[in-house]
Amino acid sequence: MVAFAEEERFSRRKHHKDSRSCAVAAAYCLSEAGITLADVDEIAIAFNPAWPTPSNICTDAELTAELLEPALFGHHRPRQVTVVEHHLAHAASAFHPSGFDEAAVLVVDGSGDGVSATLAHGTADGLRVLCQFPFSQSLGWFYETVAEHLGLGNWTSSGKLMGLAGYGNPDRYTLDFLTARAGGSSRRS
């Protein structure tokens, strides 16, 4: 890998809110590699713009121009981009650089391409999806709802709740399951 950057690092907006562009980050990575967009054989996106219709490629010129502003790339426009399933992209970005030869890979988020959780098996041969849960069973959306109820903002701000976790006392809420009494009750630590 030569370079990696997220658009939000350049725009200074969490999740690069209200835009699907990745143009500045892509331009940075191409510059680091010493190549141009015309030198790239394949471009992939980690969402299906045609969802719920399955699709492996996107030929929507308007979307491609939104993702990769042609003015930043000598007005070069890719004819198509490859569509990678959202959770598979998350799983690959965790497993492949991990250094493990084999691993269980769990992806949980609000929803991506209609899926909220995916369990996959990673090996040298790639990733095999074992189980997926639909967005209607989303733990991520539940988490975001709790964060919003606590006054921490909408989905782009729910990470604030995660940031507060380091200030908590886990012993206060831990149940001692090993000494649980009959009848389903347990004592607090």
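At least one donor-acceptor pair closer than 3.5 Å links the side chain of T64 to the backbone N or O of D60.
T118 and Q132 make their closest contact through OG1-NE2, 3.1 Å (heavy atoms, listed as atom of the first residue, atom of the second, distance). The shortest heavy-atom contact between A46 and A89 is CB-CB, 3.5 Å. Heavy-atom minimum distance, H121 versus T123: CE1-CG2, 3.4 Å. Smallest separation of non-hydrogen atoms from H16 and S21: CD2-O, 3.4 Å. Considering every non-hydrogen atom in both S116 and P134, the closest pair reads OG-O, 3.0 Å. Closest approach of A3 to E32, counting heavy atoms only: CB-CB, 3.8 Å.
Residue I57 shares its hydrophobic cluster (ILVMFWY side chains chained together at separations under 4.5 Å) with no other residue. Clustering of Ile, Leu, Val, Met, Phe, Trp and Tyr side chains at separations under 4.5 Å places L63 together with F10, V24, Y28, L30, I35, L37, V40, I43, I45, F47, L67, L68, L72, F73, V81, V83.
In the hydrophobic cluster analysis, where Ile, Leu, Val, Met, Phe, Trp and Tyr join through side-chain heavy atoms closer than 4.5 angstrom, L106 is grouped together with L139. Both F100 and V105 are part of a single hydrophobic cluster, where members link through side-chain heavy atoms under 4.5 Å apart.
At most 12 non-hydrogen atoms from other residues, nucleotides or ligands lie less than 6.0 angstrom from CG of N56.
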Stepwise side-chain contact (heavy atoms from CB on, under 4.5 Å) test for S19 and R13
CA-CA 10 Å; S19 175; R13 292 189 326 262; 3.9 Å; yes
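Rounding to the nearest 0.5 Å places CD of E66 at 10.0 Å from SG of C22. Once rounded to the nearest 0.5 Å, the distance linking NE2 of H86 with CG of N48 reads 12.0 Å. Atoms CD and NE2, from E69 and H75 in turn, are 8.0 Å apart once rounded to the nearest 0.5 Å.
At a threshold of 4.5 Å between non-hydrogen side-chain atoms, the residues H90 and D109 count as touching.
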